[in-house]
J.: 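My questions all concern the structure below.
Quick note on labels: first sequence line is chain A, next is B, and so on, each numbered from 1.
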Amino acid sequence: MLACAAMPSHLTPLHSAAAEAVAAHAGVAASELKVETPPRPEMGDFAVGCFTIAKAKKANPAQVAKEIAAAFQPTELLASATAAGPFVNFRANRAAAFKWLIGAATGGSLLPRTLGAGKTITIDYGSPNISKRLAYHHIRSTTIGHALAQSFRALGYRVVAINFLGDWGTTHGMVLAAYERWGAGAPPTIDLLDQLYKRFRAEVADPEGEGRAWLKRLENGEPEATALWQRFRDVSWAEFEEVYRILDIHYDDLNGEAYFAKQTDAILEKLKDEGLLVESEGAQVVELEEEKAPIVLLSKDGTTLYATRDVAAAIYREERYHPTRSLYVVDRGQSFHFRQLFKLLAKMGFGWASTCQHISFGQVKVGGKKAGSRLGNVVLMRDVFKIAEDEVREVIAQVNPSLPADVRDQVARQVGIGAMIFGNLASQREKDIEFDLDKAVSLDGDSGPYVQYSHARCASILRKANEPVATDVDFGKLASDAEWAVAKRLADFPEIVVRATDNCEPHVICHYLLELAGEFSRWYTAGNGDATLRVLVDDAEVRRARLALVAAVQATLREGLSLLGMAAPDQM
RNA sequence: GCACCCGUAGCUCAGCUGGAUAGAGCGUUGGCCUCCGGAGCCAAAGGUCAGAGGUUCGAAUCCUCUCGGGUGCGCCA
């Protein structure tokens with residue numbers, strides 16, 4: 001349903017050139033051809049398989065590849081073509097390719113900036129419940145959603161970042177009841193509220209019934225209950241805001257469940273008129289096809305439910321923003337809820353129900369068990385951030401003792417938080433993550449700090465060069481395979497970001513950055529043993545060309561990190 | 001019981017919109033700076049891609065089944 005047509009608008013001119021070279025001799029559109037990377041660099045730079053072409057012609061793929069390679073005429077960007085079995089492998093004209101790639105990367109035009117022009121994406125992420133601190137497991141929705149928001153924005157989409165606060169419902173009725181019973185008068189701190197809520201659930205005979213009774217009072221607009229609820233919401237938001245500030249997340253829409261609780265009457269009325277809303281075991285429900293459980297929209301006490309408010313919110317998002325895609329970045333435990341919700345929207349006749357998508361993700365486990373405030377087992381997000389930051393500060397003090405204390409503290413925060421973000425984004429969404437503090441704060445190997453460090457080294461070289469980066473230089477001076485390997489990675493960036501957004505999988509960006517950083521490090525390290533391979537060599541023309549390549553890598557690493565929501569310090 | 005997710009090296013994971021010899025990191029072993037920052041680089045060792053069928057010229061990748069682990073299944077969110 002989300003498959004985009006064969007629109008290769010995100011391809012680099014290099015990829016397009018390869019596709020066109022084959023298309024010209026194959027009688028197919030270039031846009032239908034997939035341009036790949038050969039498994040080993042010595043085979044070529046770009047590859048196009050001839051399987052489908054051969055099939056259409058009822059010919060042997062290897063023979064077709066041979067013919068296409070033989071007919072190839074060099075272009076500005078492509079130097080040669082060779083057949084390798086069923087593949088046509090192209091070699092780039094390196095000087096021209098360097099020029100385009102480095103120019104695009106340093107000029108900020110490597111990514112297709114207008115791919116999403118005129119399209120809006122709403123992303124519901126974070127969305128914590130109030131009266132509770134942000135626990136570590138909240139980090140997944142928050143970081144995945146933010147990375148998606150950043151990525152869509154980078155491609156020119158209009159993004160509406162939504163924090164659908166869990167600030168309404170029976171749970172919050174319980175918090176009110178508990179506070180009134182045991183805490184009245186005490187300043188309603190978030191910790192106190194959480195504590196009272198837990199006690200309430202443990203000690204009261206019918207906590208949910210009492211909770212619904214208080215919710216009823218809220219839904220009836222009783223001033224005292226509402227004023228108290230508002231205080232709870234305010235202290236909660238103050239806490240959340242602190243974390244969002246640390247993560248540099250800014251929401252566009254903060255309407256939580258409470259906002260939509262007021263809009264459910266008309267929806268329920270309409271459902272009733274259409275005969276969809278029926279009574280079942282005292283509650284008001286809508287039966288859904290192929291689901292054994294109906295969706296419950298009104299409790300037996302007449303209070304609204306999560307689903308009711310979500311229906312109102314979905315309609316609001318459509319009417320207000322007209323999104324091309326409406327994304328819900330919420331843990332997998334809620335898959336059933338979203339399946340029901342989307343089915344109900346479709347049943348109500350909303351064609352746009354198909355634009356709604358649950359972006360689910362696996363659990364964060366602590367000690368093998370699901371982390372979450374219901375089961376206890378809570379690790380607070382800010383505590384983890386603090387530990388990571390402290391750990392990094394120590395490493396910096398050892399490795400880079402000359403860094404001024406204020407810079408060191410700032411970098412420690414950027415790298416510590418970055419390690420957390422990267423660690424949470426680096427694997428596929430659907431996989432569960434085992435929270436291991438030691439591993440989380442580790443700076444070795446495939447990690448966020450490794451990418452940031454590579455970026456800092458680029459910055460360091462550019463600082464040391466002390467001359468402006470020029471891109472109108474003789475790129476023929478970049479003669480080593482190591483330099484070419486770095487540039488080729490740059491060419492992969494656009495497709496990676498498009499894939500990350502199409503599939504809502506930010507982890508592909510993480511892996512891309514590790515590869516780009518790794519390729520850069522290999523090139524860079526070669527200079528340790530051989531001074532002629534260093535960027536800062538005496539030959540001015542070679543030096544300028546290499547500096548341009550470093551600048552291109554730096555710009556791409558910085559941009560990639562920003563897509564993930566990570567800072568890119570210039571020194572660390 | 002029904003539904004969904006996961007199963008790739010000792011460990012943590014890429015690769016899964018089908019393509020060429022399945023890749024990283026950690027850990028283990030052995031190397032590399034009178035250095036443009038060693039938070040780095042190179043090399044060795046390590047895999048019946050859970051198992052069995054099927055589709056295909058071609059399957060870790062798609063389909064079916066089995067096994068193992070996890071989650072969900074009306075008035076919580």
J.: Starting at the 5' end of nucleotides 9-14 of chain B, put B wherever the base has a protein heavy atom under 4.0 Å, S where only the sugar-phosphate does, and a dash everywhere else.
T.: ---SSS
J.: Got a salt bridge between Glu208(A) and Arg201(A), using NZ or NE/NH1/NH2 to carboxylate O under 4.0 Å?
T.: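 Yes.
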J.: Could you state the atom-to-atom distance from CD of Glu430(A) to P of rC16(B) in whole Å?
T.: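 Between P of rC16(B) and CD of Glu430(A): 16 Å.
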J.: I'd like to know if Arg393(A) and Asp409(A) make a salt bridge, using a cut-off of under 4.0 Å between side-chain N and carboxylate O.
T.: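 Between Asp409(A) and Arg393(A) there is a salt bridge, with a charged N closer than 4.0 Å to a carboxylate O.
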J.: Please report the C-alpha distance between Phe200(A) and Glu210(A) in whole Å, then the side-chain angles of each, then the deciding distance to 0.1 Å, and finally whether the side chain to side chain contact (heavy atoms under 4.5 Å, CB included) criterion is met.
T.: CA-CA 10 Å; Phe200(A) 190 79; Glu210(A) 280 196 45; 3.7 Å; yes
J.: Base of rG72(B), side chain of Ser335(A) - is there a donor-acceptor contact under 3.5 Å?
T.: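 No such pair is found, so the answer is no.
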J.: Is the distance between the ring centroids of His337(A) and Tyr306(A) under 6.0 Å?
T.: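 Yes, the ring centres sit under 6.0 Å apart.
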J.: Between Leu443(A) and Pro38(A), which has a closest nucleotide on RNA chain B that is more 5'?
T.: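 Whichever sits nearer the 5' end wins; that is Pro38(A).
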J.: Check step by step if side chain to side chain contact (heavy atoms under 4.5 Å, CB included) holds for Phe90(A) and Val48(A).
T.: CA-CA 8 Å; Phe90(A) 295 93; Val48(A) 178; 4.2 Å; yes
J.: Would a line drawn from the ring center of Phe87(A) to the ring center of Phe46(A) be shorter than 6.0 Å?
T.: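 No - the distance between ring centres of Phe87(A) and Phe46(A) does not fall below the 6.0 Å cut-off.
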J.: rG37(B), rC36(B), rC76(B): which one has an atom nearest the side-chain heavy atoms of Ser460(A)?
T.: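 Nearest listed nucleotide: rG37(B).
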J.: Could you check Ala517(A) against Val48(A) and say which one's nearest nucleotide on RNA chain B is further toward the 5' end?
T.: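 The residue closer to the strand's 5' end, by nearest nucleotide, is Val48(A).
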J.: Please determine if a side-chain N or O atom of Arg457(A) lies less than 4.0 Å away from the OP1 or OP2 oxygen of rC35(B).
T.: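 Checking rC35(B) against Arg457(A), no side-chain N or O comes under 4.0 Å of OP1 or OP2.
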